[in-house]
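Inspection log for the structure reproduced underneath, given as structure tokens.
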Amino acid sequence: MKAIRLHGPKDARYEDVPDPKPGPDDVLVKVKAVAICGTDVELFDGTMFYITSGMAKYPFIPGHEWSGEVVEAGENAKADFKPGDAVVGECSIGCRKCKRCLAGNYHLCADRSETGLLKQPGGMAEYISYPRFFLHKVDGLSYEQAAFIEPTGIAVNPARKTRITPADRVAVMGPGPIGLFAVQVARAYGAKQVILVGGSDSRLKAGLELGADAVADYRKGDVGAQVREATGGEMVDAVIEAVGRKSVWPMIASIVAPGARVGMTGLFAGEICDVNFDPLVVQEISVLGCLGAPGMWPECISLHRKGLVRTDKIITHRMALSDFAEAVEISRTRRDGAIKVVLTP
Ligand SMILES: [Zn+2]
Ligand SMILES: [Zn+2]
């Protein structure tokens, strides 16, 4: 089959690779849509933490935001999946035996795979073989929309960890794809007010169209003052961080109310934040790392089915899988107002 394989930094090849060989617990899926993520840009550049730390090694097939159609179910998977089913696969695949897996934290399993990142080949290919335990049916959604269940989960995880309720004012840092999903998830959780913080006209506009109540633009000066005005001096009770640059931390510190919870989803590609811990301690600010979306996939599928999370302002480009390298450049440079690029094998 044809696939995109990364052979090293800046070395992506569209080439023939061996067909996947599904085992009895696996399902063979024909990939229908796969989206480019900021993480794919970092994998392409060689700056992503798993590459720089040696956890992941080239060559591999990237792509963790994918959906597809079942071609064949292995012997043990036939009861749950049949040819023609529309499916999405989770990103993290745990061993299902260790202490963390048994507690539901399979995304932290020491022996885990991550699709398109660690061990498990990704969806930038014609076919993918996937373990049935981490596969979900998505009937009723388009393949394109289904490819966005994964990034929706990245927004649901911090919304859950920061325990957003209708009593909370929420700030979303970063109007990129994850931030734009986070705005919608915070609304679905009933947040009293959702403020999107960023520095891009088109993306902040998309955020307002997708349900943000207000925006704060760091190009227009002090974000703390803008949030103070938007909240009538209350500041925010929860923050979903989706930036991954050190400049985000002083902004977060300037907008939190005492007792606030901060869910961090960004990867900083090695950038180190200067953090003054004193205000964190005396205001009892919780800072929570959020990886993946363990156990949250059915909820994400439901959010899409109910129309509470949409992709229409987020998908800006559609290309062929063979155009991967160009799609990465479009994502990186945000050419033509790019937010999300979807590839079709
Ligand atoms: Zn991603
Ligand atoms: Zn495990």
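Sequential numbering from 1 along the given sequence is applied to the chain's residues.
Across all non-hydrogen atoms, the minimal contact from Lys192 to Pro166 is CB-O, 3.4 Å. The two residues Gly174 and Leu196 come nearest to each other via the heavy atoms O-CD1, 3.8 Å. Of all non-hydrogen atoms in Ile255 and Val223, the two that sit nearest each other are CG2-CG1, 3.9 Å. Contact detail for Ala147 and Ala33: the closest heavy-atom pair is CB-O, 4.1 Å. Across all their heavy atoms, Ala216 and Val227 have their closest contact at CB-CG2, 4.3 Å. Contact detail for Pro62 and Ile4: the closest heavy-atom pair is CD-O, 3.4 Å.
Looking at residues two or more places apart in sequence or on another chain, you find no salt bridge (Lys or Arg N to Asp or Glu O under 4.0 Å) involving Asp336. By the salt bridge (Lys or Arg N to Asp or Glu O under 4.0 Å) test, Arg203 is found to be paired with no residue, residues two or more places apart in sequence or in another chain being considered. The side chain to side chain contact (heavy atoms under 4.5 Å, CB included) check on Ser142 picks up Glu144, Gln145, with sequence neighbours excluded. Evaluation of the ring-ring contact (aromatic ring centres under 6.0 Å, His included) rule for Tyr58 yields Phe60 as partners, not counting sequence neighbours. Applying the ring-ring contact (aromatic ring centres under 6.0 Å, His included) rule to Phe134 yields the partners Tyr106; only residues at least two apart in sequence or on another chain are considered. Looking at residues two or more places apart in sequence or on another chain, you find a side chain to side chain contact (heavy atoms under 4.5 Å, CB included) between Gln283 and Pro258, Pro279, Ile285. Under the side chain to side chain contact (heavy atoms under 4.5 Å, CB included) criterion, Ala225 pairs with Asp222, not counting sequence neighbours. Applying the salt bridge (Lys or Arg N to Asp or Glu O under 4.0 Å) criterion to Asp45, with sequence neighbours excluded, gives Lys10, Arg332.
Here salt bridge (Lys or Arg N to Asp or Glu O under 4.0 Å) pairs that include residues 147-166, with residues two or more places apart or in two chains, are Arg160-Glu299. The stretch residues 168-185 participates, sequence neighbours left out, in these side-chain hydrogen bond (donor to acceptor under 3.5 Å, both in side chains) pairs: Thr165-Asp168, Asp168-Arg261, Arg169-Gln193. A side-chain hydrogen bond (donor to acceptor under 3.5 Å, both in side chains) check over residues 115-130, counting only residues at least two apart or in different chains, returns the pairs Thr115-Tyr130. Residues in residues 232-248 take part in these salt bridge (Lys or Arg N to Asp or Glu O under 4.0 Å) pairs, two or more places apart or across chains: Arg245-Glu271.
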**Request:** Please step through side-chain contact (heavy atoms from CB on, under 4.5 Å) for the pair Val256 and Val239, ending with a clear verdict.
**Result:** CA-CA 8 Å; Val256 285; Val239 176; 3.8 Å; yes
**Request:** Show your reasoning for whether side-chain hydrogen bond (donor to acceptor under 3.5 Å, both in side chains) applies to Gln226 and Tyr218.
**Result:** CA-CA 9 Å; Gln226 293 177 60; Tyr218 59 74; over 6 Å; no
**Asked** Taking it one step at a time, do His107 and Asn105 satisfy side-chain contact (heavy atoms from CB on, under 4.5 Å)?
**Response** CA-CA 5 Å; His107 63 310; Asn105 292 320; 3.6 Å; yes
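Here Glu326 pairs with Arg335 in a salt bridge; the nearest charged N to carboxylate O distance falls below 4.0 Å. A salt bridge does not link Lys137 to Asp139: none of the charged side-chain nitrogens sits closer than 4.0 Å to a carboxylate oxygen. Between Asp201 and Arg219 a salt bridge is recorded (basic side-chain N to carboxylate O distance below 4.0 Å). Ion pair Asp16/Lys2 flagged as a salt bridge, since at least one NZ, NE, NH1 or NH2 atom sits closer than 4.0 Å to an Asp/Glu carboxylate oxygen. For Lys21 and Asp19, the salt-bridge test fails: no basic side-chain N is under 4.0 Å from an acidic carboxylate O.
If you take CZ on Phe133 and SG on Cys101, they are separated by 12.0 Å, rounding to the nearest 0.5 Å.
No side-chain donor-acceptor contact under 3.5 Å links Thr39 and His64.
Applying the 6.0 Å contact sphere to NZ of Lys30 captures more than 12 heavy atoms from other residues, nucleotides or ligands.
The shortest distance between side-chain heavy atoms of Lys97 and Leu102 does not fall below 4.5 Å.
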